[in-house]
There are 2 protein chains.
Amino acid sequence: MTRIATLSESRDSCHNCRLRTLCLPDNLPKEDIGKLEGIVQRRKPVSRGGYLFQAGQRFNSIYAVRTGAVKTSTLMANGDEHISGFHLPGEVIGLDAIVSRDHPSSAIALETASICEIPYAELETLSERTPALQHRLMRIMSRELLAEQSTNHLLSRRSAEQRLAVVLIKFSERFADRGLSALRFRLPMSRLDLGNYLGLVPETMSRTFRRLEEQGLVSIAGKEIEIVDSGAMKALAFGAEGSQTART
Amino acid sequence: MTRIATLSESRDSCHNCRLRTLCLPDNLPKEDIGKLEGIVQRRKPVSRGGYLFQAGQRFNSIYAVRTGAVKTSTLMANGDEHISGFHLPGEVIGLDAIVSRDHPSSAIALETASICEIPYAELETLSERTPALQHRLMRIMSRELLAEQSTNHLLSRRSAEQRLAVVLIKFSERFADRGLSALRFRLPMSRLDLGNYLGLVPETMSRTFRRLEEQGLVSIAGKEIEIVDSGAMKALAFGAEGSQTART
DNA sequence: GGTCGATTTTGATTTCAGTCAAGTTGGGTA
DNA sequence: TACCCAACTTGACTGAAATCAAAATCGACC
């Protein structure tokens with residue numbers, strides 16, 4: 001089946017999307033991308049602070065970030081917000097709702113974000129007759145699982161400095177995956193949000209940023225981050241030094 | 001002493017398996033269970049400390065726990081072990097490997113465990129022509145994602161008492177899901193392992209168990225746990241009291 | 001039943017991050 | 001441009017869990 005692409009379609013289509021290889025279409029044959037294309041809905045941009053969906057809302061679709069950045073968070077029994085993740089272009093949001101009928105968490109734009117909405121019922125129907133898509137979905141779920149595990153890991157008995165180093169390195173890698181600089185980037189979220197994610201209060205965030213800067217590992221100007229000594233950062237983040245002692 | 005319920009053996013087919021509704025076959029039509037049955041391999045029991053698979057090993061299969069209990073853990077750069085989860089009968093292990101070709105973590109039996117091995121290539125082929133199975137796989141992945149998120153949440157800025165209360169309540173619920181007592185059960189792992197999972201050192205685990213006991217919430221005899229005041233436990237685990245203050 | 005090593009407990013002390021309190025900065029807008 | 005409010009920073013103090021050290025208990029195996 002050949003589609004006649006209009007100008008706006010060609011700009012907006014999965015085929016031409018720069019994020020293709022990170023997102024659902026990765027590794028799909030051309031015709032399957034076309035089919036996927038048929039069910040993807042491109043919504044008007046969500047501005048800073050706007051909701052993609054709210055916790056408790058009926059689950060209908062999953063969402064892929066096209067531009068901008070999004071946080072997902074759950075409201076705890078006591079009214080506190082817990083931020084479970086930050087999502088950059090090419091990443092898929094809402095997969096945690098598949099099992100439960102309702103969204104367990106809310107998704108909020110950190111900066112103006114354009115979003116692709118993919119109705120899940122249609123995606124599921126399509127993937128029944130599209131093995132490559134089914135395959136891809138499983139891989140994306142698995143990838144998310146791994147990312148969550150890595151966050152667990154991060155939160156388990158690591159110092160504030162290590163947590164911050166890890167998260168900065170990971171952002172660096174994610175920006176690099178998107179063709180941006182790995183050494184100079186702008187964090188899309190507030191210190192408060194990043195602290196919430198890392199299990200640290202804003203005061204500690206501030207002091208920890210300063211300590212990393214004093215050690216000559218990074219250079220900070222508000223949300224602009226420059227990684228000055230990437231090797232030392234990785235050593236701090238993943239190395240033996242300063243981590244919990246092995247107890248065998 | 002009253003006999004503590006154990007996770008007893010189920011028959012050798014998915015059709016008759018008591019864990020059917022927790023595991024892969026849930027909600028599958030009879031003939032699909034039959035097909036699944038055709039690819040499931042029942043291995044000889046793995047004894048305490050034995051590996052189901054090791055980190056770095058080539059990914060070929062996912063595994064379902066039939067009896068016993070299993071922990072999954074990753075070895076960190078510095079040689080430390082980080083335990084990412086404990087797995088009871090009916091739960092599926094190894095889904096985090098789908099994306100990566102190799103297992104990112106090891107799975108180790110905490111007590112003698114019988115395991116169903118499901119070759120992933122065959123499972124994927126089967127699910128291509130079995131929509132219900134595909135559906136079920138997605139739901140299981142989503143469930144795992146939620147479980148990981150909930151662990152993140154648990155590790156993020158909660159006191160030792162709250163962490164322990166949460167994990168005990170969750171084990172209680174999981175045992176109940178398996179038809180065992182929610183109020184009296186035996187934890188399958190050591191304090192060290194549980195502490196590792198919770199991000200706490202064994203000394204703190206010991207003291208925290210004692211504090212919960214002193215408050216009359218639980219009664220502890222080694223690995224045997226009795227939940228004495230389930231309401232107060234839930235209040236401690238999920239309630240407003242003692243948690244971090246909302247900072248808006 | 002006794003022995004040895006692993007697991008768990010207990011106590012004393014230290015330390016890192018949290019809390020409280022008070023600025024300072026900076027982006028948005030009137 | 002100046003104002004305002006939110007975001008961020010800084011400092012002093014506190015407290016919960018880590019660390020260090022040692023003893024007690026458990027349990028697997030002769």
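A note on names: the letters A, B, ... follow the listed sequences, proteins ahead of strands, and every chain is numbered from 1. Note that the structure is predicted; figures quoted are calculated from it, not measured.
B:Gly199 comes within contact range of the sugar-phosphate backbone alone, with a heavy-atom separation under 4.0 Å but no base atom that close.
Rounded to whole Å, atom C1' of D:dA6 lies 11 Å from atom CG of A:Leu192. Put simply, CZ on A:Arg163 is 8 Å from P on C:dG18, counting in whole angstrom units. Note: CG (A:Asp80) to P (C:dG18) measures 14 Å, nearest angstrom. In this structure, the CD atom of A:Glu213 is 14 Å from the C1' atom of D:dC8, given to the nearest Å. Between the CZ atom of A:Arg158 and the P atom of D:dA18 there is a distance of 15 Å, given to the nearest Å. In this structure, the CG atom of A:Leu212 is 15 Å from the P atom of C:dC16, given to the nearest Å. Taking atom CG of residue B:Leu198 and atom C1' of nucleotide D:dA18, one finds them 15 Å apart after rounding to whole Å. Going from atom CD of B:Glu111 over to atom P of D:dG27 covers 14 Å, rounded to whole Å.
For A:Lys223, the listed nucleotide lying nearest its side chain is D:dC8; candidates were D:dA17, D:dC8, C:dA17. Which of D:dA17, D:dC8, C:dA17 sits closest to the side chain of A:Arg211 comes down to C:dA17. Side-chain proximity of A:Val201 to D:dA17, D:dA18, C:dG18: nearest is C:dG18.
At distances below 3.5 Å, not a single donor-acceptor pair connects side-chain atoms of B:Glu224 with backbone N or O atoms of B:Ala221. Not a single donor-acceptor pair under 3.5 Å links the side chain of B:Arg211 to the backbone N or O of B:Glu161. Checked by atom type and distance alone, the side chain of B:Ser106 pairs as donor or acceptor with a backbone atom of B:Ala55 at under 3.5 Å. Formation of a donor-acceptor pair under 3.5 Å by the B:Thr72 side chain with backbone atoms of B:Ala107 is not found in this model. Side chain of B:Arg157 to main chain of A:Asn196: no donor-acceptor pair is present (N/O by atom type, distance under 3.5 Å, no hydrogens or angles).
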So which protein nitrogen or oxygen atoms get under 3.5 Å of nucleotides 9-13 of chain D's nitrogens or oxygens?
residue : atom : partner  : partner atom : Å
D:dT9   : OP2  : A:Arg191 : NE           : 3.4
D:dT9   : OP2  : A:Ser206 : OG           : 3.1
D:dT9   : O5'  : A:Ser206 : OG           : 3.1
D:dT10  : OP2  : A:Arg210 : NE           : 2.8
D:dG11  : N7   : A:Arg207 : NH1          : 2.9
D:dG11  : O6   : A:Arg207 : NH2          : 3.3

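Of the inter-residue distances, the one linking B:Leu145 atom CG with B:Asp96 atom CG reads 11.5 Å to the nearest 0.5 angstrom.
Partners of A:Arg143 under the side chain to side chain contact (heavy atoms under 4.5 Å, CB included) rule, at least two apart in sequence or in another chain, are A:Arg136, A:Ile140, B:Val99.
Dashed line: the shortest gap from a side-chain N or O of A:Arg157 to OP1 or OP2 of D:dT19 is under 4.0 Å.
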